[in-house]
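Structure first, commentary second.
None of the values given here were measured: they were computed from a predicted structure.
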Amino acid sequence: MLAPKKMLNFTDVREFILLGLTSRREWQVLFFVIFLLVYMITVVGNIGMILLIKVSPQLSSPMYFFLSHLSFVDVWFSSNVTPKMLENLLSETKRISYAGCLVQCFFFIALVHVEVFILAVMAFDRHTATGNPLLYGSKMSRTVCIRLISFPYVYGFLISLAATLWTYGLYFCGKIEINHFYCADPPLIKMACAGTFVKEYTMITLAGINFTYSLTVVVLSYLFILIAILRMNSAEGRCKAFSTCGSHVTAVVIFYGTLIFMDLRRPTEESVERGRMAAVFYTTVIPMLNPMIYSLRNKDVKEAMSKVIGRTILTK
């Protein structure tokens, strides 16, 4: 009679092995160089955007207050995944401790939810500015802005705490190889041998509810924005409104498109493999693109950047 396999609780697993993007050494070195460059651009670009908004009086409106928080989240979002990925690309062992895996899961889920709701808040802000420009200053006061930006952080981290506790409830039967380059829920669920039912369906349900709710806010906001723009008599006003909203629409389409492709599906071998490819874009490229999108398509940001660079040159 065969002896039953020992069922390991998540806390009994001391470490996991991250299989990463590839097992070929030459590709690992190439990926290390590429993603190190991407990470450096991400950190410099987003921190630069935060500092630019802080020192530029013309970027004192609520829109840029929310944008600075989006940049802040993007820095942490990328930093939660990329440094460990870079380390493992040059490492032979490619290990992550179970505690490190839980922490990475926690911050990943939290920051995803924070970002989707910040994008929803930014859409609501653009709707308020376009629909009621004369009342915009009073409606979007500093107190209101702080309350609006507090919700994504509080809600995102609470949701993440619950989701991470469900991850903690997964059981593994000796297999500790994660088919991914970071600790993500789908491959963890796929490799677990027990405790997956609650985790899997709560992940899909919560992701579906939260992403649908935030996306509904975005879509409705832009529907009202479009109606307000079409009612404008000034062609210049319409162009300015489209220009201001264009950057945010671009960021929303890229972020939600990748998010839906990666998270809102049941974890299967095929979906995990495709999700890993999408996650590369999602965790490294999008945080790098956001400051570029908002700077290259925004006249105020470009003018503020020119003034700061001009002042820096004159003081030397």
Side-chain angles (χ1 to χ4, degrees), residues 20-21 28-91 103-104 107-108 110-112 114-116 118-119 121-122 149 152-153 156 181-182 243-244 246-255 257-259 278-316:
L21 296 171
Q28 289 175 357
V29 174
L30 177 62
F31 285 154
F32 176 84
V33 174
I34 292 172
F35 290 121
L36 177 61
L37 182 61
V38 168
Y39 181 61
M40 291 170 64
I41 295 172
T42 299
V43 173
V44 171
N46 283 287
I47 292 178
M49 180 66 75
I50 294 169
L51 294 175
L52 181 66
I53 292 170
K54 189 173 181 63
V55 302
S56 302
Q58 66 266 47
L59 302 181
S60 59
S61 69
M63 179 177 77
Y64 299 109
F65 171 76
F66 297 132
L67 177 57
S68 67
H69 280 272
L70 182 67
S71 292
F72 174 77
V73 171
D74 278 337
V75 170
W76 284 105
F77 188 65
S78 182
S79 298
N80 182 48
V81 172
T82 309
K84 188 62 182 178
M85 178 180 68
L86 292 173
E87 177 192 334
N88 285 341
L89 282 170
L90 297 183
S91 172
V103 169
Q104 197 172 61
F107 280 105
F108 182 85
L111 293 170
V112 166
V114 172
E115 183 142 349
V116 295
I118 286 179
L119 289 172
V121 167
M122 291 175 74
I149 204 63
Y153 287 102
F181 59 92
Y182 69 94
S243 175
T244 304
S247 302
H248 186 250
V249 171
T250 304
V252 166
V253 169
I254 294 173
F255 188 85
T258 313
L259 191 68
V280 173
F281 188 77
Y282 182 69
T283 57
T284 60
V285 179
I286 290 179
M288 178 188 70
L289 288 179
N290 278 342
M292 296 181 185
I293 292 169
Y294 283 99
S295 60
L296 295 176
R297 295 179 59 91
N298 190 294
K299 183 180 176 182
D300 292 336
V301 172
K302 286 190 285 187
E303 287 180 357
M305 195 179 300
S306 298
K307 288 180 180 179
V308 169
I309 293 171
R311 287 200 303 267
T312 304
I313 293 172
L314 289 173
T315 53
K316 287 185 177 180

Has Ser78 got a side-chain atom pairing as donor or acceptor with Asp74's backbone, closer than 3.5 angstrom? no

Donor-acceptor side-chain pairing of Ser79 and Tyr39 below 3.5 angstrom: yes

Assert yes or no for the condition that the ring centre distance of Phe77 to Tyr282 is strictly below 6.0 Å. yes

So, the side chain of Asn80 versus the backbone of Gln104: is there a donor-acceptor pair under 3.5 Å, distance only? yes

Show your working on side chain to side chain contact (heavy atoms under 4.5 Å, CB included) between Gln28 and Leu90 and close with a plain yes or no. CA-CA 7 Å; Gln28 289 175 357; Leu90 297 183; over 6 Å; no

Return the CG to CZ distance between Leu289 and Phe281, rounded to the nearest 0.5 Å. 5.5 Å

Gap separating the OG atom of Ser68 from the CD1 atom of Ile47, nearest 0.5 angstrom: 13.0 Å

Can you tell me how far apart CD (Gln58) and CG (Leu52) are? Round to the nearest 0.5 Å. 7.5 Å

If every non-hydrogen atom of Ser56 is compared with every non-hydrogen atom of Val308, which pair is closest and at what distance? OG-CG2, 4.0 Å

In this structure, CZ of Phe72 is separated from CG of Leu111 (nearest 0.5 Å) by 8.5 Å

Fit a plane to each ring of Phe35 and Phe31, take the angle between them on a 0 to 90° scale, and name the class: parallel (under 30°), tilted (30 to 60°) or perpendicular (over 60°). tilted

State whether the side chain of Asn88 and the backbone N or O of Phe181 hold a donor-acceptor pair below 3.5 Å, judged by distance alone. no

Give the intermediate values and the outcome of side chain to side chain contact (heavy atoms under 4.5 Å, CB included) for residues Trp76 and Val114. CA-CA 11 Å; Trp76 284 105; Val114 172; over 6 Å; no

Straight-line distance of Leu86 CG to Ser91 OG, nearest 0.5 Å: 12.0 Å

Fit a plane to each ring of Tyr294 and His248, take the angle between them on a 0 to 90° scale, and name the class: parallel (under 30°), tilted (30 to 60°) or perpendicular (over 60°). tilted

Apply side chain to side chain contact (heavy atoms under 4.5 Å, CB included) to the pair Ile41 and Met292, showing each step before the final yes or no. CA-CA 10 Å; Ile41 295 172; Met292 296 181 185; 3.7 Å; yes

Rounded to the nearest 0.5 angstrom, the CG-CG distance for Leu67 and Leu59 is 8.5 Å

